[in-house]
Amino acid sequence: MTKNTPKLRHGAPPDYWLLGFTLILATLGLIMVLSASGIMAERFYHDKYLFFKKQGLFMVLGVIGMYATSKMPRAFFYSMIYPMVIGCGILLALTLTPLGLSAGGAKRWLKLGVMSIQPMEFVKPALVMYLAYFFSRKQGQVRTFSVGFVPPMLVTGAFCLILALQPDFGGAVVLALLLLAMCLVGGTRLTYLFLSVGFAVTTGWMMIVQSPYRFKRWTAFLDPFKTAKEEGYQLVQSLYAFGSGSLFGTGIGAGRQKLFFLPEAHNDFIMAVVGEELGFIGMTAVMLVVAIILFRGFIIAFRQEDLQDRFTGYGMVLVLAMGFVLNIAVVLGCVPPKGVPFPFMSYGGSSLLSSFFCVGMLLNLSKGVNK
Amino acid sequence: MALLSARPRKTESNRRQDLSRSMLVVVMVLLGLAWVGLWARGAWVQLFMGAELNRLASKQYLSAEFERGVRGRILDRKGRVLASGAESKSLYARPLEVAHVDSTARILSRLLDLPVPEVIKKLTTRKNFVWIKRQMEDKVAARIVEAHLPGLYLTTESVRLYPNDQLAGQLLGFVGLDDTGLEGMEKAFNDRLAAKSAEFVVQRDASGRKLYLDAQGQELDTRGQDVTLTIDSHIQNSAEQALAKAVTQNNGKWGVAVVADVETGDILAWANFPFFNPNSFGKVKSGAWRDRAALNTFEPGSTFKPILFAAALQNQVITPSTLFFCENGKWETRGHTIRDTHPLGWLTARGVLVQSSNIGSAKIGLELGVKRYYDALRRLGFGERAGLPTPGESPGILRDPKNWADIDLATGAFGQGIGVTTAQMTRAFLCLANGGVIKQLRLTLDPAVTPDAPQRVFEESVTEQVMEMMTAVVEEDGTGKRARIPGVQVAGKTGTAQKAMHSGGGYGEEYLASFVALVPAKKPKYFFMLLVDGPKPQYLGGLVAAPAVRDIAVETLAYSGMVPEGLQLAAKAPAPSNTPGAAGAAATSETNPNGQAQAQSQAGSDPSLPDLLPVKPLPPAGKTVPDMAGLPVRRAVEVLVEKGIVPVVKGRGMVVARQKPGPGEPWPTGENDVFILWLAGQAG
């Protein structure tokens, strides 16, 4: 419990650094989506610009959403936490029904009329907003097991369970990591955290070892070239792309790996196309932009006097950071492959809208900072 | 980091706030470290390992499937297929990837019927790529796939198929193993027909289509382009049949026949005999594919006289009624003797042409003079290439006028002592038929020929007079009366050229019998020309070549619906029951002597889709697909092409083994539906 009530000082300028670099990143993403998808789209859909146009449309919608989020009173969002969490839970659960679309062996998509959405992308901000609310309100009992530890575990666990059924183990791990990071800042006893992390790792390891397929999939990244034609295929193609890019890259549009060698080039592996076409220089530039965005996010969260504000801002940064870090780690072969989009750059309306919402929330917070 | 300084307060909640702020910094630092770590990993992959990864990636592009598209087709003017590509499997090895050379070689030797040492030699070369066997049967290819031999790869190659066998064989030419046209149209249009090869093939989409991309990622169309000839296969077939009969019945050595459209200059038929079947070019003796119609230069003999007359009339040296004394068949002049086949006395110029008097023509030539005659010949295109795409076209032989003695002029007047080609003759006679305007000949519709501007060589009144004389050659008691067609006036000219002996300069006892005709005589539509080399004992053009030209003309007119009612073909009809008067039936019956009923039904249906080479009765082309098994492939392709379907032909052989869709299934309609014929047997 805090004695501070939310103080909204409208009129304070938003964080222009955050806003500017977010728009830069999204624009670069749009260009890279065109470069990565053009040939594939021409081949399969007879429209070179199909993905570019869709992504452009969602970018416009996302910017509008970001603006609206930054302008609306925070209290509105805070009052909507339970509906948001429950709504996202229902959407996620619907993917298990016949409404779910199967892609790559997992039902991650939900078909809604002409559109399909990826509920997981909306679960992430909803979950962290719930956790932020929980930890700020239960600050007094946060170090107890039954009140401070069990409820967030149960809520997150429920989401993870649905994801595991899709099956999207990567998504479950992402949510677990979000919970862990929120707990760290929220004040949960470290003992509980260490114990539960140990428990989770052990369980995960057992599950992996029990299924030879999963074992192979999860260890392929250690030596992708050994299984370059099967499990390691994506990663090998991704590394080829990065390697071909070298320092200066082949130039935008001139990459060869996206020519059907690299699956999902415009999607989860868009950074491989960036690495190939813009080289290490371009990679570094993108990573700097991302670092600035995240740093500004942290600053905004840090400055919040109200705990719910602070935790919410922190959660938004976490959602973005988790996407950036895990995606780069996957395409560079540092962690086992999982389907994590690169915020603002990977093709996909759900991811784009969700990412813009996170930044919108941070911009909202940046205006109400108590100096 | 002044931003991070917090104002210390000592309350419990503030302690928590401070804690959360500290933990926030901790998480930020951890994330920052992860970020730097990933950046370093990126540097490692891109800069340190970059060259090696790039090398591996390039290898991947190069080792991608090696594919070559299908060679373009050659079509006749109605779109009927004269040559098409079929797919066949070829086997190649990448020797470095072959694991056990000895056992692999043994297996391949057994499957492909090749000697073991030869296979071992190929598998141990230091090259990156070596062909093991080109163009094998599908079932052999299937066994090789089953054998799972590392380092060996099958690729699809195009083989050439000529569905009509010998039809226009020499004109079409043939293709070598490497998809290179070696003769004929295949050679002339090789660049256009040749399939592009794609070494950058990447993968197939869900529907199994292949993706061909070049280095820039542009999609490649690997199909070669089609070539559409001006040839009409029906007229071509008529010309070939009549030519074959004329040559064999008169014991000739070879013959050529040409049909052309007067108005457009389109070559409609270009026949050579003996025939050549390009499907089996490897099995005939070299030279069988010689396109004599294009390559040979010959002395035209009397068929050249109309050209002399046109030149003489144009220069007002003669009128049709100018009188000439024909020396009663033997004229000794300038140390030489010129003879006529039968003695003639005083004749008008018209009579000289109708009776084909050499002596009279020689006198006209001498009056015309070298310069004027030579100029007219040059303006008609003699002495220069006629500009057809046939490879190796000859310019003919037209000597410099300075070197013409009087005797050369005298003999040149009746077509001896000058060398011409079939194409040059065609062009010159089309000029006479077109009222004295010379145009370019065409052999292809696509690629289109950009025409030269037509040029006037003779006055229209001149060519009218020549055409009238040529009509008399056939319709009056001239040398060409055997070319008469009841109901249609024919203009023509016979030729019986003495052939120069190979040894020495004189002439021997061998003749080149020829006939040219323009039909109908008034406003001609078609030009016909036929040559028979060395006929005996009959050797006169009027006896050897004129009847054959008549046969071709009758069929061509019938085919184009121009034969008038009441035409009697009783003399040629195989059975009295054949219905006279039905032009199409009469014409078709010539190629199809045993099927009157069928011939009539053909005539009643669409004459533009004739039964070219009947082998067995057409399967009924109803609503469902007929059973094609056992049909010769050219027949099956014909049936399908009539339905507007171009089948995909797989495997080698001449007979259809299987088909898809199967018998009784509905015809494929959509664009993506393919009709596949698998061939077997009589591999050739």
Side-chain angles (χ1 to χ4, degrees), chain A residues 1-4 38-39 42-44 135 139-140 142 181 184-187 225 228 236-237 239-247 253-261 275 279-280 283-284 287 290-291 294-295 298-299 301-303 305 307 310-311 314 317-318 321 324-325 328-329 332-334, chain B residues 3-4 6-7 11-17 19-32 34-61 64 200-207 209 211 213 215-219:
Chain A
M1 292 283 191
T2 72
K3 58 184 180 180
N4 290 342
I39 289 164
E42 173 69 22
R43 189 70 193 86
F44 293 125
F135 284 122
Q139 211 34 232
V142 80
L184 271 178
V185 174
F225 293 94
V236 164
Q237 297 303 335
L239 291 176
Y240 281 172
F242 278 108
S244 305
S246 195
L247 184 58
R256 291 186 294 182
Q257 281 299 109
K258 67 197 178 197
L259 304 177
F260 305 97
F261 287 108
F280 182 63
M283 270 290 285
T284 305
M287 290 183 80
V290 168
L294 293 181
F295 182 71
F298 272 113
I299 296 295
F302 188 89
R303 282 181 178 173
E305 288 299 333
L307 269 187
R310 186 183 300 161
F311 290 161
Y314 168 67
V317 179
L318 271 187
F324 289 128
V325 171
I328 291 260
L332 283 172
C334 300
Chain B
L3 295 163
L4 302 181
R7 279 168 292 174
T11 61
E12 165 68 11
S13 79
N14 276 328
R15 206 183 61 74
R16 296 241 173 271
Q17 287 222 8
L19 178 73
S20 78
R21 279 203 163 113
S22 317
M23 288 312 283
L24 217 148
V25 174
V26 168
V27 170
M28 187 176 83
V29 169
L30 284 175
L31 268 174
W35 205 235
V36 171
L38 288 171
W39 183 76
R41 165 76 179 167
W44 172 266
V45 168
Q46 296 207 263
L47 304 180
F48 189 78
M49 288 166 65
E52 170 68 5
L53 287 168
N54 191 18
R55 193 184 63 78
L56 288 168
S58 300
K59 197 172 142 196
Q60 163 173 276
Y61 308 132
F200 213 78
V201 176
V202 186
Q203 70 186 52
R204 291 157 194 269
D205 69 9
S207 61
R209 281 177 303 185
L211 303 169
L213 302 163
Q216 274 72 49
Q218 300 296 308
E219 209 172 318

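By convention in this document, chain letters (A, B, ...) are assigned in the order of the sequence lines, proteins followed by strands, and residues within each chain are numbered from 1.
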Heavy-atom check, side chain of B/Val26 versus side chain of A/Leu184, under 4.5 Å: no
Nearest heavy-atom pair of B/Leu38 and A/Leu332: which atoms, and what distance? O-CD1, 3.6 Å
Among B/Gly32, B/Ala34, B/Ala51, B/Ala43, who wins on heavy-atom pairs under 4.5 Å with chain A? B/Ala43
With rounding to the nearest 0.5 angstrom, report the CH2 to CD1 distance, B/Trp35 to A/Ile328. 4.5 Å
Please report the interatomic distance OH(A/Tyr314) to OG(B/Ser20), rounded to the nearest 0.5 Å. 10.0 Å
Is there a side-chain contact (heavy atoms from CB on, under 4.5 Å) between B/Val25 and A/Phe302? Walk through the geometry before answering. CA-CA 8 Å; B/Val25 174; A/Phe302 188 89; 3.7 Å; yes
Quick one: which of A/Ser246, A/Ala321, A/Ala329 has the most heavy-atom pairs under 4.5 Å with chain B, could you say? A/Ser246
May I ask you to decide if A/Cys334's main-chain N or O and B/Arg41's side chain share a donor-acceptor pair within less than 3.5 Å? no
Determine whether a donor-acceptor pair (N or O, by modelled atom type, separation under 3.5 Å) exists between the side chain of B/Gln46 and the backbone of A/Gly275. yes
Go through the structure and list residues passing ring-ring contact (aromatic ring centres under 6.0 Å, His included) with A/Phe298, not counting sequence neighbours. none
So, the part of A/Met287 with a heavy atom under 4.5 Å from chain B: the answer is both
Taking all atoms of both residues into account, what is the closest heavy-atom pair of B/Met23 and A/Val185, and its distance? CB-CA, 3.8 Å
Which is it for A/Phe280 and B/Trp39 under the ring-ring contact (aromatic ring centres under 6.0 Å, His included) test, yes or no, and what are the steps along the way? CA-CA 9 Å; A/Phe280 182 63; B/Trp39 183 76; 5.5 Å; yes
A side-chain contact here means heavy atoms from C-beta on lying under 4.5 Å apart; do A/Phe324 and B/Leu31 qualify? no
Please round to the nearest 0.5 Å and tell me the distance separating atom CD of B/Glu52 and atom CG of A/Leu239. 12.0 Å
